**Student:** 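Sharing a structure below in structure tokens format, with a few things to ask.
Here the structure is a predicted model, which is why all the values come from computation and not from measurement. So that the names make sense, note that chain A is the first sequence line, chain B the second, and so on, each numbered from 1.
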There are 2 protein chains.
Amino acid sequence: MSVEARRDVFQAIADPTRRQIINLIAYQSMNLNAIADNFSISRPAVSQHIKVLIECGMVSVRQEGRERFCEAKLDTLKEVAGWVDQYRQFWNTQFDSLDHYLNRIQNNTQSDQ
Amino acid sequence: MSVEARRDVFQAIADPTRRQIINLIAYQSMNLNAIADNFSISRPAVSQHIKVLIECGMVSVRQEGRERFCEAKLDTLKEVAGWVDQYRQFWNTQFDSLDHYLNRIQNNTQSDQ
DNA sequence: ATATTGTGTAAGCAAATACTTACATATATG
DNA sequence: CATATATGTAAGTATTTGCTTACACAATAT
């Protein structure tokens, strides 16, 4: 981690450890030590990763006594989603199949549900 | 670009130049010089970026005479989309409202449809 | 055959990354 | 107050990254 980070979401999620951190705190805030317990790297290393995530807006911190709870700000991923979504037409996946599923249900509601 | 690249899609799209290259060739193959004309960096620099994109499966090359046409393999972005999609519920987009709509339909099927 | 065009790749370099250990500081707790 | 706990941050380091220039080489054109 450099002193002058890029503060870019794409760059932030490029690191597998940072993606794991996001996965970890996606559904519940955790303090730094709790997060660090899930990794083999040192506590300061995790702290530095979180700093990057904060700088790009993917994590916010709520201080509570001496603990600092990290909360994932997942809507920041909109930027990534927006870029990727331009190209969804090039493959078949959940996004597409959900859409199809929905249409199927709508078409079938009268008859079999 | 190192000799031993990570060959990881997340890492590949972390670089803004590489994202621009993908945007450029998304809808039509282009040879390397044509791609490089769109950037201020040197031709070899572009060549190295494309090497990274090839290594992670985002670009394939078709040789034609002395030219090498680069084609974007956009379905490789499925990996990124898959990761991001887990969190779509955390912001408001089509996907979210679709999902809620789906649940609403499922919950109501017995009673009112 | 010679020159031109399209491209890969090596060598070198500055900056960024991902770590580590050591140390600083603030908030509990006995 | 003296410790223990939770965390930030600085300094040092090995790698990786992104870029440049120089050079190699195959396919064309003249």
**Student:** Can a donor-acceptor pair under 3.5 Å be found between the side-chain atoms of A/Gln11 and the base atoms of D/dT17?
**Tutor:** no
**Student:** Can I get a per-line list of side-chain donor-acceptor pairs under 3.5 Å for residues 58-69 of chain B, giving both atom names and the distance, sequence neighbours left out?
**Tutor:**
unit_1: B/Arg62; atom_1: NH1; unit_2: B/Glu64; atom_2: OE1; d: 2.3
unit_1: B/Gln63; atom_1: OE1; unit_2: B/Arg68; atom_2: NE; d: 3.1
unit_1: B/Gln63; atom_1: NE2; unit_2: B/Gly65; atom_2: O; d: 3.2
unit_1: B/Glu67; atom_1: OE1; unit_2: B/Asn31; atom_2: ND2; d: 2.5

**Student:** Between B/Pro44 and A/Gln63, which residue's closest nucleotide on DNA chain C lies nearer the 5′ terminus?
**Tutor:** B/Pro44
**Student:** Could you tell me which residues satisfy side-chain contact (heavy atoms from CB on, under 4.5 Å) with A/Ala81, sequence neighbours excluded, listed by chain and number?
**Tutor:** A/Asp85, B/Val84, B/Arg88, B/Trp91
**Student:** How many angstroms lie between atom CD of B/Gln11 and atom CZ of B/Arg18, to the nearest 0.5 angstrom?
**Tutor:** 5.5 Å
**Student:** Under 3.5 Å, which N/O atoms of the protein pair with N/O atoms of nucleotides 28-30 of chain D?
**Tutor:**
unit_1: D/dT28; atom_1: O4'; unit_2: B/Arg66; atom_2: NH1; d: 3.1

**Student:** Give the table of side-chain donor-acceptor pairs shorter than 3.5 Å for residues 20-30 of chain B, with sequence neighbours excluded, one pair per line with atom names and distance.
**Tutor:**
unit_1: B/Asn23; atom_1: OD1; unit_2: A/Trp83; atom_2: NE1; d: 3.1
unit_1: B/Asn23; atom_1: OD1; unit_2: A/Tyr87; atom_2: OH; d: 2.4
unit_1: B/Tyr27; atom_1: OH; unit_2: A/Gln89; atom_2: NE2; d: 3.2

**Student:** So does A/His49 get a side-chain nitrogen or oxygen closer than 4.0 Å to the phosphate oxygens (OP1/OP2) of C/dT17?
**Tutor:** no
**Student:** Does OP1 or OP2 of D/dT7 have a side-chain N or O of A/Ser47 closer than 4.0 Å?
**Tutor:** no
**Student:** Just to be sure I understand the geometry, which residues of residues 32-40 of chain B put a non-hydrogen atom under 4.0 Å away from DNA chain C?
**Tutor:** B/Leu32, B/Asn33
**Student:** Which whole-number value in Å describes the distance from A/Ile41 CD1 to C/dT17 P?
**Tutor:** 16 Å
**Student:** Nearest whole Å is fine: how far is C/dG6 P from B/Ile50 CD1?
**Tutor:** 14 Å
**Student:** State which of D/dC23, D/dT20, D/dT7 makes the closest approach to the side chain of B/Ala45.
**Tutor:** D/dT20
